Amino acid sequence: METVVSGIRSTGNLHLGNYFGALKNFVKMQEENNCYFFIADYHSLTTHPTPENLHGNVKQVLAEYLACGLDPEKSTLYIQSDVPEVAELYLLLNMNAYVGELERTTSFKDKVRKNPENVNAGLLTYPVLMAADIIIHRASKVPVGKDQEQNLEMARKFARRFNNMYKVDYFVEPQPYNFGEALIKIPGLDGTGKMGKSEGNGVYLFDEPKVIQKKVMRAVTDSGPTEKNSPMPEVIQNLFTIMDVVSEQSTIDFFKEKYAECEIRYGDLKKQLAEDIIKVTTPIRERILDISSNSDYLKKVTKMGAEKARESAAKTVKEVRDIIGFKAF
Ligand code: TRP
């Protein structure tokens with residue numbers, strides 16, 4: 001049993017790719033570990049310092065994760081800004097983080113390039129806040145995608161540096177959490193690579209059936225096979241990859257056969273695919289709506305999460321203060 005921490009971005013709806021990828025793994029992960037999941041609303045201010053609807057974003061994300069099976073009884077599910085101890089540890093870690101190393105991180109350089117008018121100190125110290133999130137629970141594992149590997153490496157560096165500077169063996173160096181099987185990658189509907197938010201090629205769990213139909217019917221295809229049993233081009237393979245996770249085996253076999261026989265009609269395939277996606281998303285969408293209209297439940301969940309998270313965080317901050325040498329008179 002490991003202690004696992006995972007931060008969730010506070011904006012952006014979940015799409016099918018998230019659902020069949022990371023989410024399925026999170027749901028499994030929480031069964032076997034001491035998991036802390038939190039919505040990283042402090043972090044969101046680094047790029048959006050004056051959000052239009054901070055609370056609404058957090059609420060939507062929370063409702064979506066709950067609807068997908070994150071269980072507040074099994075794991076500690078909280079809002080980052082409900083745990084001010086994180087901010088204190090962030091302050092202390094900032095004293096041992098060097099501007100040079102922060103300036104060299106890829107995501108910082110990316111953001112500077114994309115948004116030169118908003119290069120704030122929070123953006124620069126994003127990895128320090130992320131390190132605080134993780135080591136405040138002395139977590140040993142963090143599930144990260146490729147884009148977060150460098151941030152996790154920095155968290156290890158800050159943990160190690162703290163130990164060295166104060167000559168203690170206190171913080172654990174967090175390692176990437178390895179999901180047993182390879183992560184399922186859901187392709188986008190535009191025929192290029194994987195489903196993603198920025199790509200605009202996704203089907204969202206919260207999309208209404210009509211929207212899903214429209215998106216799927218517009219998915220990129222080709223002009224169809226001309227030779228029997230010819231190999232599938234990637235754009236078509238992609239549609240079957242989505243089918244693999246939402247449709248019955250007999251449906252998949254049926255359309256594969258049609259393809260092999262050069263009798264496939266992409267319109268029929270898409271219609272079926274849309275229907276099967278809707279079958280998966282509809283109950284989730286209903287749960288999201290249910291949960292977000294239940295403020296008593298949300299209040300209970302976030303209160304419980306904050307209490308559990310603060311207990312663990314306060315213990316660490318107290319010990320860190322002792323280690324550094326803060327003392328009461
Ligand atoms: N940086 C992560 C992302 O963009 C979110 C995050 C914040 C996080 N703090 C974390 C992830 C701590 C893991 C652990 O997705």
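Position 1 is the first residue of the sequence, and the numbers go up from there. Just so you know, ligand 1 is whichever comes first in the structure, and atom 1 is the first atom listed for that ligand. Quick caveat: nothing in here was measured; it's all calculated off a predicted structure.
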Chemist: Start with the C-alpha gap between His137 and Phe171, add the side-chain angles, then the distance that decides, and say whether ring-ring contact (aromatic ring centres under 6.0 Å, His included) holds.
Modeler: CA-CA 9 Å; His137 302 300; Phe171 281 122; over 10 Å; no
Chemist: Does NZ or CZ of Arg138 come closer than 6.0 Å to the centre of the six-membered ring of Tyr170, within 45° of the ring's axis?
Modeler: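 The answer is yes, since Arg138 meets both limits relative to Tyr170.
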Chemist: Below 4.0 angstrom from a heavy atom of Val142, which ligand 1 atoms are there? Numbered from 1 as shown, please.
Modeler: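 Matching atoms, with element in brackets: 13 (C), 14 (C).
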Chemist: Of all the non-hydrogen atoms in the protein, which one sits nearest to atom 13 (C) of ligand 1, and at what distance?
Modeler: Gly7 N, 3.3 Å
Chemist: Which of the atoms of ligand 1 are close to Tyr126, meaning less than 4.0 Å from one of its heavy atoms?
Modeler: 1 (N), 2 (C), 3 (C), 4 (O), 5 (C)
Chemist: Determine whether the side chain, the backbone, both or neither of Val144 has a heavy atom under 4.0 Å from any heavy atom of ligand 1.
Modeler: neither
Chemist: Who's the nearest protein heavy-atom neighbour of atom 3 (C) of ligand 1, and how far?
Modeler: Arg9 NE, 3.2 Å
Chemist: Ion pair present between Lys299 and Asp296, side-chain N to carboxylate O less than 4.0 angstrom?
Modeler: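 Salt bridge flag = no for Asp296 with Lys299.
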Chemist: Show the atoms of ligand 1 that are less than 4.0 angstrom away from any heavy atom in His43.
Modeler: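 Numbered from 1, ligand 1 contributes 7 (C), 9 (N).
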Chemist: For the rings on Tyr177 and Phe179, is their centre-to-centre separation under 6.0 Å?
Modeler: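 Yes: the rings meet the under 6.0 Å criterion.
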Chemist: The test is ring-ring contact (aromatic ring centres under 6.0 Å, His included); show your working for Tyr166 and Phe162 and say whether it passes.
Modeler: CA-CA 6 Å; Tyr166 302 105; Phe162 180 93; 4.7 Å; yes
Chemist: Could you check atom 2 (C) of ligand 1 against the protein and tell me its nearest heavy-atom contact, residue, atom and distance included?
Modeler: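 Looking only at protein heavy atoms, the one closest to atom 2 (C) of ligand 1 is Gln148 OE1, 3.3 Å.
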Chemist: Does Lys111 make a cation-pi contact with Tyr126, if we ask for NZ or CZ under 6.0 Å from the ring centre and within 45° of the axis?
Modeler: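 Lys111 over Tyr126 ring: yes.
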Chemist: Nearest to atom 9 (N) of ligand 1, what protein heavy atom do you find, and at what distance?
Modeler: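 The protein heavy atom lying closest is Asp133 OD2, 2.8 Å.
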Chemist: Measure Phe38 to ligand 1 on non-hydrogen atoms and call it side chain, backbone, both or neither using the 4.0 Å cut-off.
Modeler: side chain
Chemist: If you apply the rule ring-ring contact (aromatic ring centres under 6.0 Å, His included), what do you find for Phe240 with Phe255, and how did you get there?
Modeler: CA-CA 9 Å; Phe240 277 99; Phe255 284 104; 7.3 Å; no
